[in-house]
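On a predicted model such as this, the values are computed, not experimentally measured, just so you know. Counting convention: from 1, in listed order, for ligands and their atoms alike.
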Amino acid sequence: MSDQPTVLVVEDEAAQREVLSYNLEAEGFRVQRAENGEEALLLVEEGAPDVIVLDWMLPNVSGIEVCRQLKMRSDTRGVPIIMLSARSEEVDRVRGLETGADDYVVKPYSVIELMARVRAQLRRTRPASVGERLEFEDIVLDADTHRVTRADNQLKLGPTEFRLLSTFMEKPGRVWSREQLLDRVWGRDIYVDTRTVDVHIGRLRKALCQFGGADPLRTVRGAGYALG
Ligand code: CA
C-alpha cells in the first residue's frame, strides 16, 4: 500500500541506471526502469509515472523524441521530465529544441542534486508526497506530520483515508475514477476491488464531518469522486 511517487528512469547505461534507481528507492520512491525510449513509452502507456528522468542519448528513439511525444499527449503532458545530458552544449541544444522538458541536468551530476530536482518537480505536481502542507477551505493537511485538521479540530483518519484525502487535496476539483484512486492510493500492483474505494470514501466522509461541517466530497455519477 503506498502513495509513494513513481519515478521512471530511462537510461541505456546499466550501471548509471542502477545507481540512480538505487538512490531513488533509498529516498522512498517507487522506481520503474527502462533501457531505451521504446520501453519507456510502453511503460508510460501502462500508467503515467509522477516524474521521468530521461537520458538524452539513447539508442534508436532519442530522449528528445520521447520527451516530445509525451509532451504532445494530453494524458502525459503534465508529467515532469528531467533530461540528463552528457555535455552542457547538449543542454543548450535541448533547450533550443524546445522539447518541453521541465528541467535539465548535466552529467556527471551529483546524486544529491538530482534528488533535489526530482523533489522540486514533485513539490509542484504531488506536494503531499514530499511533505508539503495542503489547504482546502477549512481543511489543513500536513503531510510531514500526518495531521489533518478541519476548522482547527484535529481529525482522526486511518492511513488509507489519509492517502485518499491527500490525493484529493493535491488537485481540488479534479474528478478521480475508482481505478485512478486504486492506482494512486493502493498501488497498481495490488488487487483491490473497486468497491473497497467506496468503503474508504465513506469512512473519509465520516471523518471529515466528525466535528460538523458540510461533506466536501462530491460523488460524480458514473465517473468517480472529487473534492469540492
Ligand atoms: Ca545514454
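- With waters neither drawn nor counted, the protein N/O/S atoms under 3.0 Å from the Ca ion (ligand 1) amount to 4.
- Counting only distance, with no hydrogens or angles, the side chain of K71 and the backbone of G78 share no donor-acceptor pair below 3.5 Å.
- Within 6.0 Å of atom CE in M115, more than 12 heavy atoms from other residues, nucleotides or ligands are found, so the atom counts as buried in its surroundings.
- Not a single side chain to side chain donor-acceptor pair (under 3.5 Å) links R123 to another residue, sequence neighbours left out.
- Side-chain atoms of T6 and R184 form no donor-acceptor pair, as typed in the model, at a separation below 3.5 Å.
- Between R203 and T160, every side-chain heavy-atom pair lies at or beyond the 4.5 Å cut-off.
- In this structure, R178 is not positioned above the aromatic face of W176 in the sense of NZ or CZ being under 6.0 Å from the six-membered ring centre and within 45° of the axis.
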